Structures are given as C-alpha cells and as structure tokens.
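In this text the structure is predicted, and so the values were computed from the model without any measurement. When reading the values below, keep in mind they use all heavy atoms of this one structure, side chains included, and skip hydrogens, waters and symmetry mates.
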Amino acid sequence: MPELPEVEVTRLGIAPAVTGWRATGAVTRVGGLRYPLPDDLGRRLAGQVLREVRRRGKYLLLHFDEGRLLLHLGMSGSLRLLPAGTPAARHDHVDLLFGKVLLRLTDPRRFGSLLWLPPEPAGHPLLDVLGIEPLEAAFTGRWLHAALRGRRGPVKPAIMDSHLVVGIGNIYASESLFRAGIDPRRAAGRISGQRCDRLADAVRATLNEAIAAGGSSLKDFIGSDGGKGWFQQSHFVYGRAGEPCRACGGPVRQVRQAGRATFFCPRCQR
DNA sequence: CTGGTCACCTGGAAGC
DNA sequence: TGCTTCCAGGTGACCA
C-alpha cells in the first residue's frame with residue numbers, strides 16, 4: 001500500500017493512540033520479513049514507553065526509551081491498531097502489545113522490514129543513504145534542478161530514486177509528472193530550472209493531497225480496515241492506459257521504465 | 001557514478 | 001472449472 005502518503009497517514013493514525021503508552025510485549029508469527037526479525041522482540045520492548053512515532057521517507061520510526069523500531073511496509077504491508085486479543089489472520093506477522101491495544105503488522109508479500117536500532121543519534125545504513133524529504137522546505141525546484149544535473153536517464157526513475165528524494169513511489173511519480181506537464185521519458189538532466197520548479201510543486205501538491213485524502217479516513221485505523229479508502233482514489237494517469245486523459249481527452253499511454261509501469265499523456269506531457 | 005535487471009513473496013486477474 | 005501466466009504500491013544487490 002505504501003508510498004509516502006500512506007506511510008504518513010499510518011503514522012498520523014497510530015501516533016495519537018499509542019504515543020506515551022508502555023509496551024507490554026510483542027508476538028511474532030514469522031521468522032523474518034525482508035530481514036530476520038529482532039531477537040526476543042517482546043522481551044526487549046516490554047516496559048518501554050513509546051515516546052514518538054516519526055517518519056523518514058517510507059520508513060516509520062517508533063522511538064522507545066532504549067531504542068527505535070525501524071519499520072517499512074514494503075509493497076503490501078499495513079499497520080493497524082486493534083483491541084488486545086483480536087485473533088490473528090494469515091499474514092498477520094507481528095503484534096506490538098500495549099496492554100489494551102496492539103499494533104498489528106500485516107504483510108502478505110513480506111517485502112517489509114522491522115529492525116531494532118539504538119537510540120539517536122546512532123545512524124543505520126538503511127537510513128543514512130536516504131535523500132531529501134519532498135515535503136520539507138529544502139525540497140525546491142532549484143534543489144531538484146541541481147540534483148538532476150548530469151543525469152542522462154529518464155526523469156521518472158530519477159525522481160523515484162530514494163537516494164535523491166524519498167517517498168515518491170510508482171504511482172505518484174507518474175501523477176506528479178502529469179501535473180507538471182513533463183514527459184516521463186525526458187532525460188532528467190535536461191529539464192529546465194523553471195520546469196523543475198513546476199515538478200517540485202507538483203510532487204508536493206500530489207503528496208499533500210494524497211495525505212489529506214487518506215487522512216479523512218483516519219478513524220479506520222481503530223477498527224478492522226486499515227486505510228481502505230486510499231487505493232480507491234482517482235488518479236490522473238496511473239492505471240488508466242487507453243482511457244481518456246482528464247485534461248485533453250486523448251488516450252493515456254503506458255510504457256515500461258526500469259521495470260515499472262509508467263503512465264502519461266503524450267499530449268499534455270512534453 | 002549511472003542506470004538497468006533481478007530477486008524477494010503472495011495473491012488476484014486475465015488468458016486459454 | 002482449472003491451470004498458466006502476468007502483474008502489483010519497494011528496494012537492495014548485482015552487473016555493464
């Protein structure tokens with residue numbers, strides 16, 4: 001489920017409910033996801049208070065007294081807040097227990113990750129290589145223009161490179177480029193400063209709108225369907241190959257870039 | 001360094 | 001109906 005907006009909506013959904021709560025243990029039902037799970041997770045967490053839930057790119061960081069849980073939802077992961085004792089279903093791999101409630105990590109494809117990190121300011125290889133946050137003020141057209149300089153490959157895979165800028169997944173890459181009127185096949189390093197301004201604005205607007213849309217269903221996180229409304233959003237181009245462009249009516253095209261499906265309107269995007 | 005491909009895993013949809 | 005094939009929101013390892 002998760003690009004940056006979904007992760008942020010998850011964060012917003014769980015943080016008010018569990019911040020300040022004391023962990024009472026954990027249940028693990030699988031040996032590992034992308035990486036092996038931390039040893040003795042329940043014993044390690046028990047007694048520690050969850051102080052803060054942060055996000056970095058598509059990662060969530062649960063800050064406890066003595067360290068941090070680094071969590072990634074991969075391609076199919078979700079995190080829900082449920083009453084203690086809620087029976088686990090297939091793919092419910094980890095429960096973090098907080099007395100009367102639990103945080104349940106569900107992830108059919110198991111591309112997600114869950115790692116235990118020492119407290120700040122310790123780094124971690126997965127975090128240290130991450131690029132700029134697109135919703136922070138430093139992410140500007142000027143920054144983007146400089147970051148893309150010298151890149152000869154197409155712009156769409158470039159803006160999905162988490163070493164450059166985090167959080168822009170396959171859906172919002174296509175959507176942002178549509179909003180900016182930029183052809184996804186265009187060489188990244190050959191986009192003018194002015195158009196980089198537009199692209200940076202488009203990325204910000206796209207992500208913020210998606211967060212706002214997901215945020216409207218935040219109450220779903222306390223219940224059974226974690227953030228269900230999210231994938232029902234109507235996109236401008238993503239998943240709409242052959243359908244009429246919402247701006248010009250021409251057919252939306254689909255191509256493959258770096259192994260991923262890209263959608264765009266050849267008339268509106270140059 | 002850059003960019004492309006593959007692997008990881010399961011499930012749903014489409015095709016035959 | 002049932003089997004096969006393809007595809008999916010991420011990303012790190014590996015290769016040219």
Side-chain angles (χ1 to χ4, degrees), chain A residues 1-11 29-37 55-60 70-79 88-94 105-115 124-131 134 146-178 184-191 203 206-207 209-211 213-214 225-242 254-263:
Chain A
M1 325 220 143
E3 295 190 30
L4 184 150
E6 174 74 351
V7 178
E8 179 64 9
V9 166
T10 299
R11 189 186 75 80
R29 303 183 186 85
V30 71
L33 302 169
R34 177 186 261 273
Y35 309 107
L37 294 183
R55 180 187 58 75
R56 175 78 174 101
K58 296 172 190 166
Y59 288 95
L60 287 173
L70 178 67
L71 204 115
H72 197 293
L73 298 177
M75 204 94 130
S76 58
S78 65
L79 194 61
R90 191 165 156 77
H91 307 309
D92 291 344
H93 303 308
V94 179
L105 177 63
T106 306
D107 185 4
R109 292 175 73 178
R110 303 207 300 275
F111 289 169
S113 42
L114 179 64
L115 295 169
H124 186 278
L126 291 175
L127 291 175
D128 297 343
V129 297
L130 293 181
L148 295 180
R149 189 175 302 143
R151 288 218 168 209
R152 315 184 69 176
V155 62
K156 191 245 192 180
I159 61 171
M160 291 179 65
D161 182 352
S162 63
H163 301 342
L164 274 187
V165 51
V166 295
I168 306 171
N170 200 40
I171 293 176
Y172 294 124
S174 282
E175 293 295 298
S176 300
L177 287 162
F178 173 82
R185 300 166 297 180
R186 179 172 287 275
R190 301 187 53 189
I191 297 173
V203 165
T206 302
L207 297 179
E209 281 178 24
I211 291 169
D225 59 341
K228 208 174 173 183
W230 189 78
F231 195 52
Q232 299 165 2
Q233 278 181 69
S234 67
H235 303 299
F236 283 112
V237 287
Y238 185 83
R240 299 191 61 243
Q254 176 175 358
V255 295
R256 187 152 287 265
Q257 293 183 301
R260 318 293 303 277
T262 299
F263 300 87

G-U wobble or Watson-Crick pairing nucleotide for dC9(B) (cut-off 3.5 Å, both distances) | none

Gap between atoms CG and P, on Asp161(A) and dG4(B) respectively (whole Å) | 11 Å

Starting at atom CZ of Arg256(A), determine the distance to atom P of dC6(B), rounded to an integer number of angstrom.
-> 11 Å

On DNA chain B, nearest-nucleotide positions of Arg149(A) versus Gln257(A): which is more 5'?
-> Arg149(A)

Mutual orientation of the aromatic rings belonging to Phe178(A) and Phe236(A) [parallel < 30°, tilted 30-60°, perpendicular > 60°] = parallel

Can you list the steps and then say if Ile171(A) with Glu3(A) is a side chain to side chain contact (heavy atoms under 4.5 Å, CB included)?
-> CA-CA 8 Å; Ile171(A) 293 176; Glu3(A) 295 190 30; 2.9 Å; yes

Side-chain touch Leu37(A)/Val94(A), heavy atoms, less than 4.5 angstrom | yes

Under the side chain to side chain donor-acceptor pair (under 3.5 Å) criterion, do Thr206(A) and Glu175(A) qualify, and how do the steps go?
-> CA-CA 7 Å; Thr206(A) 302; Glu175(A) 293 295 298; over 6 Å; no

Where protein sits on nucleotides 10-16 of chain C, one letter per nucleotide: B base, S sugar-phosphate only, - none, heavy atoms under 4.0 Å | BBS----

With both distances under 3.5 angstrom, what nucleotide forms a Watson-Crick or G-U wobble pair with dC14(C)?
-> dG4(B)

Contact under 4.0 Å: Arg151(A) side-chain N or O vs dC1(B) OP1/OP2 = no

Separation of atom CG in Leu73(A) from atom C1' in dC9(B), rounded to whole Å | 16 Å

If you check the Pro154(A) side chain, which of dT10(B), dA8(C), dG4(B) turns out closest?
-> dG4(B)

Which heavy atom in Ser174(A) sits nearest to a heavy atom in Val237(A), and how many Å separate them?
-> O-CG2, 3.7 Å

Which of these nucleotides, dC7(C), dC9(B), dG11(B), is closest to any side-chain atom of His91(A)?
-> dG11(B)

Do NZ/NE/NH1/NH2 and the carboxylate oxygens of Arg151(A) and Asp161(A) come within less than 4.0 Å?
-> yes

Where is the tightest heavy-atom contact between Arg56(A) and Leu127(A), given as atom of each residue plus distance?
-> CG-CD2, 4.2 Å

Would you classify Ala261(A) as touching base, sugar-phosphate or nothing, given that sugar-phosphate means primed atoms plus P, OP1 and OP2, and contacts are heavy atoms under 4.0 Å?
-> sugar-phosphate

Separation of Glu6(A) atom CD from dA8(C) atom P, in whole Å?
-> 19 Å

